[in-house]
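Scroll down for the structure; my scribbles are underneath it.
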Amino acid sequence: SVVLLFEHGPRGSLGLIVNKSDHRSLGHLMAQLNLRFRDRATFERLAESEVLYGGPVARDQSLSLIHTPPGKWTPAWTLGQVGITSAPEMLLDLAAGTAEVKEVVACLGLSGWAPGQLGTEMAGGYWRVIYPAPEALPGLLFDTPLRERFEKARTLPEGLPLSIPRQMI
């Protein structure tokens, strides 16, 4: 799996799997939530955006949106040119056509680790951690087909680690 880690600290770690499909489109998922679209073109644009399997945690409760550029919604995390939010208001803005995002992909569920768990798994060699240069993330997340993301992630230009110590990479 390719996991985009967006939170890591003493309370644990959270990320999103970004290379596995949930076999739905964002537009259809939003329609199932009875969101009203501004027009047919807005729905069709969102129907082209794939929903990803974000992870096994809270699959029926957690919908996260990865987007460019980062926006005004909270809660949100910013990873260079990419924003991640779980704010329901963003769905309303997308349906209304007022979100002002260039690209968006949704993830159902999360990948999570208890305090210390990810560090232990890294030390055991279970994860290969890379720190991609921030400008490389949009290409990986929005331009690379899912089946190619694992290999693409392995070859991204590296940046500096932000929060995870470089123990065993």
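Hydrogens, waters and symmetry mates are skipped; everything else that's a heavy atom, side chains included, is used. All residue numbers refer to positions in the sequence shown, counting from 1. Predicted, not measured: the structure shown is a model, and the values here were computed from it.
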So, Thr68 and Gln81: side-chain donor and acceptor under 3.5 Å apart, yes or no? no

Given 3.5 Å as the limit, does a donor-acceptor pair link the side chain of Arg149 with the main chain of Thr144, or not? yes

Decide yes or no for Asp143 and Glu103: does some side-chain heavy atom of the first lie under 4.5 Å from some side-chain heavy atom of the second? yes

Student check: side-chain heavy atoms of Ser1 and Asn19 closer than 4.5 Å: yes

Contact summary for Pro70 and His67, nearest pair of heavy atoms: CA-CE1, 3.8 Å

For the student: nearest non-hydrogen atoms of Lys102 and Pro69, plus distance: N-CD, 3.9 Å

Are Leu4 and Val104 co-members of a hydrophobic cluster defined by side-chain heavy atoms under 4.5 Å apart? no

N/O donor-acceptor pair under 3.5 Å between Thr85 side chain and Pro75 backbone: yes

For Gly109 and Leu16, which heavy atoms make the closest approach, and how far apart are they? O-CD2, 3.5 Å

Rounded to the nearest 0.5 Å, the CD atom of Glu148 sits from the CG atom of Leu140 at a distance of 11.0 Å

Thr74 side-chain N/O to Ala76 backbone N/O, donor-acceptor pair under 3.5 Å: no

CH2 of Trp127 to CE of Met122: how many Å apart, nearest 0.5 Å? 11.0 Å

For the CH2 atom of Trp77 and the OG atom of Ser64, what is their distance to the nearest 0.5 Å? 6.5 Å

Do you reckon Leu63 sits in the same ILVMFWY cluster as Met30, going by side-chain contacts under 4.5 Å, direct or chained? yes

So, for Phe43 and His28, is the gap between ring centers shorter than 6.0 Å? yes

Same cluster (ILVMFWY, side-chain, under 4.5 Å), Val2 and Ile84: yes

For Pro132 and Leu156, the nearest pair of non-hydrogen atoms, with its separation, is CB-CD1, 3.7 Å

Looking at OG of Ser21 and CZ of Arg147, how far apart are the two atoms once the value is rounded to the nearest 0.5 Å? 12.0 Å

Measure the shortest side-chain to side-chain distance between Trp113 and Val3 over non-hydrogen atoms and say whether it is less than 4.5 angstrom. yes

Is there a path from Leu46 to Leu108 through hydrophobic residues (I, L, V, M, F, W, Y) whose side chains come within less than 4.5 Å of each other? yes

Are any side-chain N or O atoms of Arg36 and backbone N or O atoms of Ala95, one a donor and one an acceptor, separated by less than 3.5 Å? no

Can you tell me if Gln117 has over 12 outside heavy atoms packed within less than 6.0 Å of its CD? yes

Short question: side chain of Ser111, backbone of Gly54 - any donor-acceptor pair under 3.5 Å? yes

Does Thr42 use its side chain to pair, donor to acceptor, with the backbone of Arg38 at less than 3.5 Å? no

Please determine whether residues Phe142 and Val51 belong to a single hydrophobic cluster, defined as Ile, Leu, Val, Met, Phe, Trp and Tyr linked transitively by side-chain heavy-atom distances below 4.5 Å. no

Rounding to 0.5 Å, atoms OH (Tyr53) and CD1 (Ile17) come to a distance of 5.5 Å

Is any side-chain heavy atom of His23 less than 4.5 Å from a side-chain heavy atom of Glu50? no

Ile66 side, atom CD1; Leu79 side, atom CG - distance, nearest 0.5 Å: 9.0 Å

Closest heavy-atom pair and its distance - Lys72, Thr98: NZ-O, 4.5 Å

Between Ala99 and Leu94, which heavy-atom pair has the shortest distance, and what is it? CB-CD2, 3.7 Å

Indicate whether any N or O donor in one side chain lies under 3.5 Å from an N or O acceptor in the other, for Trp73 and Glu89. no

